[in-house]
2 protein chains.
Amino acid sequence: MNERIKRADARRNEESLLDAAAAVFVAAGVEAPVRDIAARAGVGTGTIYRHFPTRADLIVAVYRHQVEACAAAGPALLESGVTPYAALRSWIDLFVDFLVTKHGLAGVLRSDQAGFETLHAYFLDRLVPVCGALLAAAGAAGQIRTDVDAVTLMRGVGNLCIGAENDDRYDARKLVSVLIAGLR
Amino acid sequence: MNERIKRADARRNEESLLDAAAAVFVAAGVEAPVRDIAARAGVGTGTIYRHFPTRADLIVAVYRHQVEACAAAGPALLESGVTPYAALRSWIDLFVDFLVTKHGLAGVLRSDQAGFETLHAYFLDRLVPVCGALLAAAGAAGQIRTDVDAVTLMRGVGNLCIGAENDDRYDARKLVSVLIAGLR
DNA sequence: GGGCAAACGGAACAAGGTTCCGCATGTTGG
DNA sequence: CCAACATGCGGAACCTTGTTCCGTTTGCCC
């Protein structure tokens, strides 16, 4: 049972939708209405739901590449020769950069609204193991306390990034760096 | 121009609404629908809006006492004889306890949805100066770095508390304590 | 008791996510 | 090349939730 062959128009539409969604997310944030994305892609709303069962799945699809890149960066940093703590710090920076530049993503990540479990689960499943490896290495090297687990740290960092974009009195990056400093 | 005298039924309804809202918030979280609160109080939805111009105002009214108590605790802690850093830490603990026990409050605090500016503004206006005093004292005593301002710290702590209630893999209190440790 | 401003209830509206279904259109066997 | 039909499409309709509006009710004061 390999993947079903889709009709050509269906594949084209899926493509358009991903492009449109990416553009709208940049312009209006991740919380942009589904109708706007459909309009931008030149399709009906029903078409979105045939390709992506829920808004969250669309978001996951749009950012999948970047999440994968972030996940891949973890092991690479660990093997790059710097200390485990420095690797952890750099990796967290990557993650924060990713979140902070995606208008509203962090906010929607923590949302417990129905339908966002997919999004949440994907991020956690993909990134927690990577973070865990970095934490374990730094812990084993005696550079940080060992009583903070990867899930908690990832969610904490994600939470700190919420709202970072529309308030210049709030400096998420600095707070994250304070938090990581507190791990020592 | 002292406050207008309200009709007896109006006063009674405002009372019922506050009670009902408090009860519903405990049972179903701060994000419970306005209609549920109205039903519980035995009034129409219009009545809510006559007393509280928006959902956020109702939330503020319900928690005003506790916020005031938290604000008052700041100066008290500073004068209690412990070091400024210990006072800061204790005060943050109070704030975290407050947030973590109010299902969904932290999340809504962060929300940039229209209509929640009131809520946001109230919390910040009331608590930031208190936090600022504690930070300044600890900074002057040379116990912490001085490049993190009160607004940022308050929002960071608030953010860390988001989602603390429905996920036992996430330990908001521990993260906050790591963050405060990172201030040293 | 009567008049009137204050307050009320809940229907109606707006906005956003999601579902549904009649119609259109690729695809494929002949 | 054509016809048959499964696949996919559009967008109206539905649901939930915040908010507004307005005809009706009710407390207060004389």
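Atom set for the values below is all heavy atoms of this structure, side chains included, hydrogens, waters and symmetry mates excluded. Residue numbers start from 1 in every chain, and the chains themselves are labelled A, B, ... in the order their sequence lines are given, proteins ahead of strands.
Rounding to whole angstrom units, CZ of residue Arg55(A) and P of dT19(C) are separated by 14 Å. Atom CD in Glu31(B) sits about 13 Å away from atom C1' in dG18(D), given to the nearest Å. Summarising the geometry, the separation between NZ on Lys6(A) and P on dT28(C) is reported as 16 Å, rounded to the nearest angstrom. As a whole-Å value, the separation of Asp9(A) CG from dC23(C) C1' is 14 Å. Rounded to an integer number of Å, the gap from Leu17(A) CG to dG8(D) P is 14 Å. The distance between atom CZ of Arg12(B) and atom P of dG9(C), rounded to the nearest whole Å, is 11 Å. Rounded to whole Å, the distance from CG on Asp36(B) to P on dT17(D) is 7 Å. Per the geometry, CG belonging to Leu58(A) stands 16 Å off P belonging to dG16(C), to the nearest Å.
The nearest heavy atom of DNA chain D to Ala10(A) and to Ala32(B) marks one nucleotide each, and the one closer to the 5' end goes with Ala10(A).
One finds a side-chain N or O of His51(B) lying less than 4.0 angstrom from the OP1 or OP2 phosphate oxygen of dC8(C). Look at Thr54(B) and you'll find a side-chain N or O under 4.0 angstrom from OP1 or OP2 of dT19(D). An OP1 or OP2 oxygen of dA7(C) is reached within less than 4.0 angstrom by no side-chain nitrogen or oxygen of Asn13(B). For the OP1/OP2 pair of dG9(C) and a distance below 4.0 Å, the side-chain nitrogens and oxygens of Thr47(B) include at least one atom meeting the criterion.
Taking 4.5 Å as the limit, every side-chain heavy atom of Leu179(B) sits out of range of all side-chain heavy atoms of Leu183(B).
A salt bridge links Asp167(B) to Arg155(A): at least one charged side-chain nitrogen sits closer than 4.0 Å to a carboxylate oxygen. A salt bridge links Glu14(A) with Lys6(A): at least one charged nitrogen is closer than 4.0 Å to a carboxylate oxygen.
Ring orientation note: the planes of Phe98(A) and Phe95(A) are tilted relative to one another, at an angle of 30° to 60°.
Note on Arg50(A): a base of the nucleic acid sits closer than 4.0 angstrom, heavy atoms only. Residue Arg7(B) is in base contact, counting any heavy-atom pair closer than 4.0 Å across all strands shown.
Proximity note for Arg35(A) (side chain, C-beta onward) versus dG11(D), dG16(C), dG8(D): the nearest is dG16(C). Among the nucleotides dG17(C), dA7(C), dT20(D), the one closest to any side-chain atom of Tyr49(A) is dG17(C). Side-chain proximity of Pro33(A) to dG18(D), dG16(C), dG11(D): nearest is dG16(C).
Arg64(B) forms a cation-pi arrangement with Tyr122(B), by the criterion of a distance under 6.0 Å to the ring centre and an angle within 45° of the ring axis.
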